[in-house]
Amino acid sequence: MKPNVPWWQRGSIRISIVLVLLILVGGAGVGIYYTQAPPEQPIPFPHNFHVGIGAECMYCHTGAATGPSAGLPTTNKCWGCHQQLEPRNENLKLVASFAENEESIPWVPVALQPDFVKFNHQPHITAGVSCETCHGDVASMTVAEPQPRHNMGWCLDCHQKMSTPEDFVRLSDCATCHY
Amino acid sequence: MAELLKEQEETQKWGMVIDMDICSGCQACVTACSMENNVPFVGEDEMAYGRGLQWMRIRRYWEGEYPEVTPTHQPMLCQQCGSAPCEPVCPTFASVHSQEEQINVQVYNRCIGTRYCANNCPFSARVFNWFDYETPAPMNSYLNPDVSVRRRGIMEKCTFCVQRIVHGRQQAAAEGREVEDGDIVPACAQACPTDAIVFGDLSDPESKVSKMSRSDRAFKELEELGTQPKVIYLKGGKSYGG
Amino acid sequence: MSNKISRRDFLKISGIGVTAAAVLTGCGPASRYVVRQSYVDMPEYNQTGKSTYYATTCQECPAGCGLIVRTQEGRAIKVEGNPNHPVNQGKVCSRGLTSVQGLYNPDRIGGPLQRTRGDRSSQPLTWEEAVSTVQNGLSNPEKTAFLLGLMPDHLFDLVTEFSETTGAAAPVRYSALGTLEGRATLLAASKKMYGTDQFPYFDLSAADVVFNFGADYLETWLSPLAYSRGYRKMRKQEFGKRGYIVAFGARQSLTASNADEWIPVTPGSEGLVALAIGQITARLKGQTIPALFAGVNLQAAADAAGISLQKLQQLGQLFANAENSLAIPGGAALTTSVGYETAQAVLGLNILADNLGKPGGVFLAPGTTSTASMEAVKTLIQRCLDGEVDTLFIHGCNPIFELPDKLGFEKALEKVKTIISFAPFEDETALVSDFVFPDHTGLESFGYQRLLAGTDRSTYSSIQPVVQPVHNTKSTVDVLLAAAAAIPALSANLNYTDEVDFIQQKISSLIQAGGFFTASEMPTFWSKWLQFGGWWKNAANFGTPRDATKLDLELNMNTPQKVTEGEEFHLVTFSTQMGDGRGANRPWLQETPDPQTTVTWNSWIEMHPATAEHLGIMDDDIVEITPIGGTNTIEAIVYLYPAIRPDTVAIPFGQGHTALGRWAEGRGVNPAKLWSETTNQAGELTISDTLVTITPTGRRRPLARQESRVGVYGDGEH
Amino acid sequence: MAADAKSLLNGRKTAHVETEAEELRKEHLMLDPMPRDEMNDMVMEAMTTTTKTYWVWVIGFGIAVAVLLFGAWGYMIATGMGVAGIRRPIYWGIFIVTFVFWIGISHAGTFVSAILRVFKAEFRRPFTRAAELMTTFGLAAGAIYPLVHLGRVWVFYWMIPYPNARWLWPNFRSALEWDLLAITTYLLSSTIYLFLPLIPDLAMARDRSTGIRHFFYKTFALGWRGTEAEWTRLRKAIGIFAFAIIPVMFSVHTIVSWDFAVGQVAGWHSTIFGPYFIIGAILSGVSAVVTILYVLRKTLKNMDYFIRLEHFDGLGKLILIFSMAWAYFFFNEYLLSWYGGEAAVKQVLTLHATGPTAWVWYLMLICNVAIPWLFLWNKKVRRTPWLMFIITLLVNVGMYAERYTIIPLTLGHQRSPFDWGIYNPTIVEVSIALGTLCLFIFLYLLASRAIPLVPVWEVQEGQMAHSIRKVGKTEVPSVTELE
């Protein structure tokens with residue numbers, strides 16, 4: 001004769017429930033972590049070093065001031081400087097091999113907006129928004145890191161703070177970013 | 001009421017004039033619109049069931065009896081109403097008025113697909129993505145990167161080529177000038193072989209559209225519904241002039 | 001030439017650029033994970049996220065409109081008109097707009113193929129093997145033949161040079177579009193009446209009254225965009241003058257429906273009507289009636305056309321009293337056994353109206369032409385049948401689809417040892433070829449288009465690649481030159497290193513020819529040539545036609561064929577946005593509704609509702625169409641068309657492909673199967689003389705139309 | 001005990017009717033009292049008897065719900081709305097038709113229960129529970145449709161007002177937003193209204209059951225002991241809810257009608273739609289109550305004691321009245337369009353009667369007007385349950401046709417004849433519509449064995465208040481005012 005314990009009070013059931021909850025919560029946590037972790041780059045480009053020796057952002061990301069996309073540096077842009085340097089470490093050798101084979105370096109873009117958001121760098125640069133405002137303190141990063149909470153509220157927040165109420169009509173208009 | 005009308009006068013901006021006297025009905029605008037705006041093609045069976053996704057249609061009716069019979073061709077597109085019936089019915093503001101451009105915007109990524117707006121549009125100007133339509137590779141290469149590709153379950157419609165409007169304004173701002181009449185041309189007007197479609201700023205009394213909209217041939221489709229369309233037709237056909 | 005190399009390299013590099021971001025994602029969150037690629041070396045005139053625009057020439061029809069193609073990251077995005085181009089002045093039609101769907105069509109041939117005739121199997125070849133195959137053919141010039149389309153012109157020039165050098169037969173140019181337009185007839189008549197080999201240009205823009213005998217100038221005829229512009233100007237003349245257009249034809253085309261009056265005349269009677277109008281006009285003007293118009297009996301003409309004498313008199317008055325009257329011959333009116341005479345009669349009306357070389361009248365488009373008539377095609381077929389052709393080169397033309405079955409072209413091909421097709425798509429002709437060496441499509445190739453029926457000035461419209469080739473295709477000119485280079489007898493005379501070199505040598509004479517730009521040397525000229533999309537004169541240099549006949553010739557104008565009422569019907573074949581049939585594999589051309597019927601994705605047979613009622617046929621019924629005196633039958637779906645003569649039925653041309661890819665195949669019918677193979681005196685196929693009988697099959701299939709049948713026609717069904 | 005009750009009933013059936021009082025007792029449940037325990041046992045027996053056939057039905061409908069509703073819906077979500085037959089210009093098809101239909105059905109449950117309760121119509125007592133259950137389950141079936149018909153159902157929560165990082169709110173001007181709020185309100189309040197009178201019955205069942213049933217009843221009876229204080233509070237709560245739910249009910253269906261009435265669509269844009277929809281809803285709902293009562297009487301044990309011909313008779317009269325009211329509004333719709341003189345509206349209404357789908361319009365008129373008017377005058381018809389079953393089913397067919405006329409057929413003939421279209425429902429749509437019907441039946445099947453379908457305490461309360469008195473030589477029924 002089994003003890004008359006209701007099913008919800010059995011230990012095995014309770015342990016299973018806890019386990020399932022843990023897996024769900026943990027899985028969600030890991031998933032969120034991975035979306036926020038910087039992706040693996042073909043060359044772990046040290047932004048901090050390049051910024052440290054005085055390279056301007058727009059030297060490599062040339063399109064920012066004139067177009068929608070800042071762009072990623074071409075192989076020859078890297079090689080322009082690095083062919084004068086001794087390939088001291090593995091990364092520099094990688095650069096050299098890309099340049100010798102005339103291959104493009106498959107950089108993985110990090111700061112990407114979804115397809116339905118039409119972001120344009122040029123007006124932002126014209127308005128004097130610094131790169132760090134959105135891309136974080138690149139001077140302290142090696143590879144570029146995705147910035148958290150780049151959502152619509154964040155855009156609107158900044159648009160509101162930086163503009164007059166008249167301009168905010170345009171800057172909060174759906175058609176400014178979505179079409 | 002008068003104040004209300006005055007306010008509407010002041011808030012109008014982009015407008016289009018279609019001169020039906022010189023519109024030949026050749027459908028170039030339809031193709032141009034579809035190619036510019038990544039409108040998917042749906043195939044014969046779906047077209048036969050009235051599910052073509054053309055943002056622009058040439059409405060063709062016949063007038064008269066043989067041998068005096070003749071078709072009338074009327075390009076029909078979103079009329080970008082000032083008081084649009086599609087806007088208040090959308091529960092999520094996906095169909096929403098652009099205060100800046102004074103056009104009706106369809107925010108694809110906010111649309112949940114109730115299709116209420118389409119029912120409520122007296123011009124039948126809205127179309128719905130019934131499926132995810134495939135554009136087999138490499139044909140997807142021509143898709144316009146300035147226009148979102150819509151997935152299934154989303155309403156879409158003519159945008160007055162808002163991507164060109166935004167681009168034109170940004171271009172003018174970058175060059176440190178105001179947008180000039182003729183800077184911004186939507187795909188249909190650009191292609192129109194007889195220049196029957198003219199686009200411009202209605203708030204500027206000197207613009208080409210403003211001048212044309214003051215023609216005594218001007219009328220608006222279903223104007224009695226009070227939706228204040230921004231597309232103005234110029235009456236055409238054999239009854240006029242001579 | 002160094003210029004050329006760097007340009008090609010650029011295209012290669014930019015092609016690597018960003019892979020299509022919009023393509024992969026849709027309107028959803030997936031776009032975060034799109035991988036973009038950076039350039040190896042970004043050209044300075046290019047920038048990620050910004051568009052680059054290239055000027056080129058449309059290769060969808062022979063009109064040669066200038067295009068500006070928007071490209072981004074190495075992809076052709078959108079076709080726009082070239083605002084400076086003298087033909088289209090910034091406008092573009094449906095066919096041009098969809099040319100990117102040809103470029104990126106998934107059914108293109110990826111590289112050179114050797115194939116088995118008649119079935120779909122094939123083996124890939126290398127281009128070296130391909131060139132040596134071509135070389136084998138070229139090394140025996142007497143036994144070769146070239147069948148070319150109406151574009152591009154630079155290929156035609158090269159092949160002409162080849163045949164002139166070697167004494168081989170001159171290349172034959174054919175396109176069904178040319179037949180539907182009545183090109184050969186118009187040219188022959190123009191030579192006869194105006195004494196020159198040039199296309200007449202009809203200046204609608206300042207005309208008061210236009211009598212249009214069958215020309216579909218708003219759809220496909222000669223240069224639809226140039227004529228659309230003329231139409232606009234005509235409607236918007238000074239002081240509110242609007243012009244008055246009268247269209248004659250058994251079927252109301254889009255052009256006719258934009259006329260102020262449509263006169264439904266029996267097919268084949270247009271010439272008689274023109275003569276009658278000429279006679280009335282001359283009489284009203286108080287002139288002695290010229291011999292051309294004197295012979296016609298007004299009552300007989302009215303009866304033959306099926307209109308009243310009173311109407312004819314009215315029309316004559318209209319033509320006579322207008323300040324600027326203009327008469328245009330074209331299309332179905334010319335493709336009859338009396339087409340040549342009809343064209344002469346209509347061109348004669350212009351002489352009578354005294355409008356030659358005057359605004360609102362007739363001019364001559366600059367440049368002589370090289371359209372071949374059907375006689376040349378027939379000669380080619382005879383040569384094939386006689387075993388005189390070992391190697392047949394086919395480019396830009398799909399004869400199996402475009403020629404009447406009765407001509408027996410397919411049979412003639414069996415006698416040809418080697419057939420080499422340069423088609424970029426596996427079309428009907430490629431299927432019966434031994435080799436397919438695919439050429440680039442228009443947006444990937446170099447070239448020029450020289451003969452432009454819609455310009456007011458001498459124009460060379462340049463073709464340049466806007467993207468790097470999508471597939472392993474090779475320019476036909478390059479293939480021919482490479483093959484010729486290995487044949488000593490040829491290489492001496494055809495001394496061109498490659499296609500670009502050939503073009504540059506051909507256009508070098510233009511540098512100092514008074515164009516709107518000039519340059520001191522070829523590289524600069526070449527870069528401007530590419531930048532502006534061609535070269536044209538500074539100012540209009542229209543030719544003025546002269547009255548070569550003084551209107552004193554007499555025409556033997558037969559009355560049109562009689563049909564048994566309610567049993568036999570005239571068949572009118574009209575051209576649509578599918579052009580000569582190559583548009584059928586562009587899904588957006590298929591999906592763009594036909595302007596008159598709003599039908600998509602299929603072909604149909606237009607029938608007057610009264611006729612249908614008489615035959616017991618309903619809308620959307622499938623009927624069998626049998627030509628009188630023929631055995632080929634086709635089946636088509638009935639569209640009850642209110643604007644067609646009850647004794648006439650009409651079928652659009654362009655559908656009914658058995659090959660050409662997923663969007664074209666097995667769709668609609670090809671009326672060429674019914675056409676008669678006889679020719680008129682100008683050597684044009686007399687397709688509008690085809691008579692047919694109609695038999696209901698008892699089956700139905702609703703046409704994919706945009707209109708609602710209930711709403712528009714009040715039918716019981718939708 | 002159960003056997004006794006049965007024999008008692010059988011005895012009653014065969015007993016010779018002798019006196020007037022006997023006749024009255026046979027006619028009126030309220031005058032035919034039964035000992036409390038016996039009645040409780042009858043209800044318990046009805047609830048606990050499960051035959052093999054019952055389980056076959058349950059499993060059958062369960063599978064039907066899974067396949068027809070969720071299977072087809074899942075397929076539609078994965079493929080796209082295109083698998084439904086909607087098209088330009090008919091963007092709403094039988095999803096919305098069925099939605100309005102269910103909301104209408106769910107109306108009468110509350111109407112019958114609350115209105116009759118408020119007006120102290122005594123004959124209501126045995127079937128209020130059945131009607132209230134119909135409301136709740138009808139709403140459950142109907143509330144699925146606002147989700148089903150969404151093109152992107154996976155983001156349906158954007159309709160819910162909640163603060164978010166995008167600065168975005170739903171559009172409170174949209175009738176669909178009102179719909180969402182109205183339906184959730186109604187679902188909540190009607191569930192509470194169902195639950196309140198259930199408490200004493202659950203307590204009754206708790207005291208007569210064991211095992212999992214006992215646990216279930218114990219939980220939901222909320223420790224009901226039947227003290228006077230509890231009764232007072234319960235009566236007060238029911239009284240408040242019965243009053244409060246009536247305006248909710250009216251407003252909900254008015255709001256559903258606003259989905260159409262606030263639109264610019266010719267034939268929708270009418271001030272009459274609010275009451276028109278309410279009357280239609282009540283007509284279809286009351287009919288559905290009769291249908292359900294018939295089925296319950298046939299299939300559930302001991303139900304012919306509780307559900308008598310007087311109930312069919314009374315509800316039949318109601319149906320007749322509402323059919324007339326509906327016809328008035330229907331006529332009014334034409335009258336208004338004639339008075340308004342808008343060509344587009346006139347055209348739509350004409351096409352309803354003459355177009356290619358005119359049969360729907362005639363079906364609606366025959367089922368909603370002709371049949372009730374012809375048959376329900378007759379007392380004999382009203383007192384023949386199987387006839388009532390057929391008539392009420394037909395009325396609901398007619399009401400479905402009415403919604404079908406109003407939605408797809410009106411949308412198909414709008415102001416631009418070039419775009420007119422005909423709508424052909426596809427197998428997927430029909431499957432989902434049938435699926436919700438199966439869901440409704442499935443839920444009802446489960447409920448019939450889970451909760452007392454007859455509010456025992458209400459019947460007993462009524463029977464206590466009623467009695468037959470001898471006045472002189474005649475016997476007359478009399479009611480004592482409770483409280």
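Proteins come first, then strands; the chains are lettered A, B, ... in the order of their sequence lines, and each starts at number 1.
Ion pair Asp195(B)/Arg229(C) not flagged as a salt bridge, since none of the NZ, NE, NH1 or NH2 atoms sits closer than 4.0 Å to an Asp/Glu carboxylate oxygen. Under 4.0 Å is where a charged nitrogen must lie from a carboxylate oxygen, and between Lys236(C) and Asp19(B) at least one such pair does. Taking 4.0 Å as the cut-off between side-chain N and carboxylate O, Glu44(B) and Arg667(C) count as a salt-bridged pair. In summary, Glu80(C) and Arg164(B) engage in a salt bridge, as defined by a charged side-chain N under 4.0 Å from a carboxylate O.
Atom CD in Gln596(C) sits 11.5 Å away from atom SG in Cys26(B) (nearest 0.5 Å). To the nearest 0.5 Å, atom CZ of residue Arg60(B) and atom CD of residue Gln706(C) are 10.0 Å apart. Within the model, atoms OG of Ser257(C) and CD of Glu63(B) stand 11.5 Å from one another, a figure rounded to the nearest 0.5 Å. Rounding to the nearest 0.5 Å places CE of Met35(B) at 9.0 Å from OG1 of Thr592(C). Interatomic distance, CG of Leu143(B) versus CD of Gln72(C), reported as 12.0 Å (0.5 Å rounding). The OH atom of Tyr104(C) sits 10.0 Å away from the CG atom of Asn140(B) when rounded to the nearest 0.5 Å.
Neither the backbone nor the side chain of Asp132(B) comes within contact range of chain C; no heavy atoms are under 4.5 Å apart. For chain B, no part of Leu103(C) is nearby; none of its heavy atoms comes within less than 4.5 Å. There is no contact between Arg586(C) and chain B, counting heavy-atom distances below 4.5 Å. For Glu591(C), the parts lying near chain B are the backbone and the side chain together; criterion is any non-hydrogen pair under 4.5 Å. With a 4.5 angstrom heavy-atom cutoff, Asp594(C) touches chain B only via backbone atoms. For chain B, the nearby parts of Pro646(C) are the backbone and the side chain; heavy atoms of each come within less than 4.5 Å. With a 4.5 Å cut-off on non-hydrogen atoms, Ala191(B) touches chain C through its backbone and its side chain both. Ala76(C) touches chain B through its backbone: at least one of N, CA, C or O sits under 4.5 Å from a heavy atom, while the side chain does not. Of the atoms belonging to Cys23(B), it is backbone heavy atoms, and not side-chain ones, that fall under 4.5 Å from chain C. When heavy atoms are compared at a cutoff of 4.5 Å, Glu219(C) does not approach chain B at all. Heavy atoms of Arg662(C) lying under 4.5 Å from chain B belong exclusively to its side chain.
Classified by interplanar angle (parallel below 30°, tilted 30° to 60°, perpendicular above 60°), the ring pair Phe41(B)/Trp601(C) is tilted.
Considering all non-hydrogen atoms of both residues, Pro136(B) and Pro106(C) come closest at CG-CG, 3.9 Å. Contact record, Pro593(C) with Gln54(B): CD-NE2, 3.9 Å, taken as the closest heavy-atom pair. In terms of heavy-atom proximity, Trp62(B) sits nearest to Ala643(C) at CZ3-CB, 3.8 Å. Of all non-hydrogen atoms in Ser24(B) and Leu218(C), the two that sit nearest each other are CB-CD1, 3.7 Å. Of all heavy-atom pairs between Ser94(C) and Gln27(B), the closest is OG-O, 3.4 Å.
In the displayed structure, Glu65(B) atom CD is contacted under 6.0 Å by at most 12 heavy atoms of other residues, nucleotides or ligands.
Looking at Leu254(C) and His73(B), their side chains come closer than 4.5 Å, going by heavy atoms from C-beta outward. Within the 4.5 Å cutoff, side-chain heavy atoms of Asp146(B) are placed close to those of Arg70(C). Within the 4.5 Å cutoff, side-chain heavy atoms of Ile77(C) are placed close to those of Pro145(B). Contact check for Tyr66(B) versus Ile644(C): no side-chain heavy atoms found under the 4.5 Å cut-off.
Ranked by non-hydrogen atom pairs under 4.5 Å with chain B, the options Thr255(C), Asn602(C), Val599(C), Thr71(C) are led by Asn602(C). Most heavy-atom pairs under 4.5 Å with chain B: of the set Arg108(C), His608(C), Gln590(C), Gln577(C), this distinction falls to His608(C). Heavy-atom pairs under 4.5 Å with chain B peak, among Gln252(C), Arg705(C), Gln101(C), Arg95(C), at Gln101(C). Between chain C and the residues Leu53(B), Ile58(B), Val42(B), the most heavy-atom pairs under 4.5 angstrom are made by Val42(B). Between chain B and the residues Val79(C), Val100(C), Asn88(C), the most heavy-atom pairs under 4.5 angstrom are made by Val100(C). Heavy-atom pairs under 4.5 Å with chain C peak, among Asp45(B), Val39(B), Thr31(B), at Thr31(B).
Contacts of Pro83(C) classified as side chain to side chain contact (heavy atoms under 4.5 Å, CB included), with partners at least two apart in sequence or in another chain: Ile68(C).
Aromatic rings of Tyr142(B) and Trp588(C) (six-membered ring for Trp) have centroids beyond the 6.0 Å cut-off, not under it.
Side-chain contact, Thr194(B) with Ser228(C): no donor N or O sits under 3.5 Å from an acceptor N or O.
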I would like to know whether Asp21(B) and Arg232(C) meet salt bridge (Lys or Arg N to Asp or Glu O under 4.0 Å); could you show each step before the answer? CA-CA 9 Å; Asp21(B) 190 37; Arg232(C) 176 205 159 79; over 6 Å; no
